[in-house]
There are 2 protein chains.
Amino acid sequence: MSVPAVGKLQKQTFGARIADELRKAIFAGDLVPGSALIETALAEQFGVSRGPLREAIRQLIDEGLLVQVPFSGTRVTELSEIAIREIYSLRTTLEIFAFRLAWDRRDAGFRAEMLQRQQALLAAIDTGDEMECIRREMHLHSLVYEAADHQLLLEIWGGLKGRLQLYLASNYLAHGRHGPRRTGHDSFVAAALGDSWPVMEAEILQHMRLGSEETERFLKARKEKVDA
Amino acid sequence: MSVPAVGKLQKQTFGARIADELRKAIFAGDLVPGSALIETALAEQFGVSRGPLREAIRQLIDEGLLVQVPFSGTRVTELSEIAIREIYSLRTTLEIFAFRLAWDRRDAGFRAEMLQRQQALLAAIDTGDEMECIRREMHLHSLVYEAADHQLLLEIWGGLKGRLQLYLASNYLAHGRHGPRRTGHDSFVAAALGDSWPVMEAEILQHMRLGSEETERFLKARKEKVDA
DNA sequence: TCGCGATAGATTGTCGACAATCAATTAAAA
DNA sequence: TTTTAATTGATTGTCGACAATCTATCGCGA
């Protein structure tokens with residue numbers, strides 16, 4: 001993603017590449033939550049057979065971006081209020097766990113990388129590109145998971161990140177979600193680079209609570225709009 | 001699994017059924033960690049085409065039971081000491097989280113179910129069927145995740161459980177792992193049905209520490225045997 | 001004898017077509 | 001009018017064959 005990673009250029013299968021394309025399409029809003037994916041159409045669109053496409057679909061299912069019922073079809077995962085709450089509650093637990101692992105592992109490289117990702121986020125906020133903001137925000141939070149040196153945790157965060165990004169992106173597309181507050185991430189980064197663990201833990205709890213509440217507000221607004 | 005679940009009898013695809021068979025084969029030791037799976041052979045063995053079989057393989061990859069490198073092949077996941085440590089550390093975090101969610105939700109049904117699963121485990125210990133013991137132990141610990149009413153957590157526990165079961169089963173097959181200690185689970189159940197949250201939290205930490213240490217001992221023993 | 005490149009066999013990735021299943025529509029009956 | 005059954009169209013599940021790729025073996029040269 002961000003690291004050059006010399007050995008990165010291994011032979012990639014069609015399915016993996018198509019999965020990337022589909023993921024981008026979902027995050028970009030070309031595929032709105034609830035819409036159905038038809039294999040034949042997508043296969044022709046991507047210029048491949050249904051085999052690789054099916055594999056790509058399977059991969060996105062595991063990432064929680066798609067849901068499938070046998071013999072019926074595949075759809076983009078729908079938003080639900082309890083799902084949001086589950087994501088944020090679990091993310092709170094995991095992010096505290098990640099910070100505990102990474103806490104004594106923070107070095108100059110960690111601090112530099114965190115500041116750089118924060119700068120990238122702030123730059124995106126200035127341009128007003130909301131989608132880029134979401135990506136940068138995810139990227140910023142990813143750092144601690146990468147620094148925790150815990151493969152399994154990183155893998156699970158990947159799944160969570162995908163779901164979260166889907167929700168944030170679709171919420172923005174649906175009702176122009178207001179982007180991440182500048183000050184909110186300032187305090188987060190400050191705590192992450194500081195020396196007080198209790199402050200960091202409190203910051204995570206606060207950060208997650210704000211995110212959860214904000215998202216739930218939009219979901220309720222959408223619900224009322226649908227009911228009306 | 002344990003609940004009758006009226007609507008459970010939905011049309012099942014070949015891939016899903018084959019995935020179940022493969023999972024059983026792995027847990028039973030018919031497919032030892034590190035061994036390669038050849039698609040054509042397995043497809044013929046199961047009497048299906050390579051399509052559904054590929055889908056089954058993909059599913060087990062997501063569960064962490066298989067690893068695949070493109071154009072090279074698929075193998076049963078190998079054990080590694082750090083992987084074990086990661087599983088136990090993450091499981092500790094998640095199980096504490098699950099208990100916190102389920103703590104005030106425990107009712108008569110919960111207590112009855114837990115006692116029943118404990119009885120089933122004890123019965124399995126008496127028969128000496130180690131594989132059954134492992135399944136029963138997993139089933140016992142699954143209860144709190146089911147009671148937490150958290151879909152995402154339950155899903156992630158499913159993945160963790162699979163990996164854990166793979167490790168326990170292969171360890172037993174490799175060097176006759178000594179089964180779960182009777183007293184260990186007695187104290188676990190007692191704490192889970194008790195009224196003291198600090199006691200429960202300490203019990204989880206202790207339980208995980210014991211399991212982790214025991215497994216690592218066997219891994220080190222195997223390593224020394226291999227080196228010799 | 002050791003290292004290196006070509007070759008052969010096996011295995012995976014991909015494709016197009018066919019069969020099974022589902023959802024919506026139409027028509028018939030109560 | 002409402003409910004139910006049959007039908008049709010579309011979509012997914014499955015299959016067998018072909019092409020791309022890898023791994024191991026063999027032969028050649030140093």
Side-chain angles (χ1 to χ4, degrees), chain A residues 5-23 25-26 30-78, chain B residues 5-23 25-26 30-78:
Chain A
V6 176
K8 179 67 186 300
L9 54 131
Q10 62 176 322
K11 276 276 177 261
Q12 200 174 209
T13 182
F14 280 176
R17 190 152 29 214
I18 293 176
D20 292 339
E21 292 297 321
L22 274 180
R23 206 179 296 120
I26 292 175
D30 297 335
L31 292 170
V32 78
S35 62
L37 307 190
I38 49 186
E39 296 180 357
T40 55
L42 286 176
E44 188 174 8
Q45 180 177 331
F46 283 116
V48 297
S49 178
R50 275 181 54 210
L53 186 104
R54 239 153 127 57
E55 197 160 341
I57 286 180
R58 167 50 93 161
Q59 184 167 335
L60 295 191
I61 289 175
D62 306 322
E63 296 179 16
L65 270 48
L66 301 178
V67 289
Q68 184 177 54
V69 317
F71 296 98
S72 172
T74 308
R75 297 175 170 278
V76 180
T77 304
E78 292 248 40
Chain B
V6 177
K8 178 66 187 297
L9 54 130
Q10 63 176 323
K11 276 273 175 268
Q12 203 175 207
T13 183
F14 280 177
R17 190 151 31 214
I18 293 177
D20 291 339
E21 293 298 321
L22 273 180
R23 206 179 296 119
I26 292 175
D30 297 335
L31 292 170
V32 78
S35 62
L37 307 190
I38 49 184
E39 296 179 359
T40 55
L42 287 176
E44 187 174 8
Q45 180 177 332
F46 283 116
V48 296
S49 178
R50 275 180 54 209
L53 186 102
R54 228 156 189 303
E55 198 159 340
I57 286 181
R58 168 52 93 163
Q59 184 166 336
L60 295 191
I61 290 175
D62 306 322
E63 295 179 16
L65 269 49
L66 301 177
V67 289
Q68 185 177 54
V69 317
F71 296 100
S72 171
T74 308
R75 298 175 169 278
V76 180
T77 302
E78 293 249 39

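No experiment lies behind these values; they were computed from the predicted model shown. Below, read A as the first sequence line, B as the second, and so on, with proteins coming before strands; counting in each chain starts at 1.
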Examine distances only and state if a side-chain atom of A:Arg50 and a backbone atom of A:Thr40 form a donor-acceptor pair shorter than 3.5 Å.
no
Students often get this wrong, so: under 4.0 angstrom with heavy atoms, is B:Thr40 touching a base, only sugar-phosphate, or nothing?
base
Length of the CD-C1' vector between B:Glu39 and D:dA17, whole Å:
15 Å
Selected nucleotide, minimal atom distance to A:Ser72 side chain, candidates C:dA23, D:dG13, D:dT23:
C:dA23
Between D:dT12, C:dT14, D:dC15, which nucleotide has the shortest distance from any of its atoms to the side chain of A:Ile38?
D:dT12
Considering only side-chain heavy atoms of B:Gln68, which listed nucleotide, D:dC15, C:dG13, D:dT12, is closest?
C:dG13
In whole angstrom, give the distance that lies between atom CG of B:Leu53 and atom P of D:dG13.
16 Å
Correct closest heavy-atom pair for B:Gly15 and B:Ala56 would be O-CB, 3.3 Å
Where is the tightest heavy-atom contact between B:Arg23 and B:Leu60, given as atom of each residue plus distance?
NE-CD2, 3.8 Å
Whether B:Arg17 and B:Asp20 form a salt bridge (side-chain N of Lys/Arg under 4.0 Å from carboxylate O of Asp/Glu) is what I want to check.
no
Between B:Phe46 (CZ) and D:dC15 (C1'), how many Å, whole number?
18 Å
Contact class for A:Leu37 (heavy atom, under 4.0 Å): base, sugar-phosphate, or nothing?
sugar-phosphate
Between atom CZ in A:Arg17 and atom C1' in C:dG13, what is the gap in whole Å?
12 Å
Using side chain to side chain contact (heavy atoms under 4.5 Å, CB included), reason through A:Leu66 and A:Ile26 one step at a time and then give a plain yes or no.
CA-CA 10 Å; A:Leu66 301 178; A:Ile26 292 175; 3.9 Å; yes
Per B:Phe71 side chain, nearest of listed nucleotides C:dG13, C:dA23, C:dC15
C:dG13
Between B:Arg54 (CZ) and C:dG13 (C1'), how many Å, whole number?
6 Å
Nearest to the side chain of A:Arg50, which nucleotide is it out of C:dT11, D:dG16, D:dG13?
D:dG13
From the options D:dT14, C:dG16, C:dG13, select the nucleotide whose nearest atom is closest to the side chain of B:Thr13.
D:dT14
Starting at atom CG of A:Leu42, determine the distance to atom P of D:dT11, rounded to an integer number of angstrom.
11 Å
Looking at D:dT14, D:dG13, C:dT12, which one has an atom nearest to any side-chain atom of B:Pro52?
D:dT14
Atom pair distance, as rounded to whole Å: CZ in A:Arg75 and C1' in D:dT11:
12 Å
When rounded to whole Å, the CZ to C1' distance for the pair A:Phe14 and D:dT21 reads 13 Å
Counting side-chain heavy atoms from C-beta on, which of C:dG13, D:dG13, D:dC15 comes nearest to A:Pro70?
D:dG13
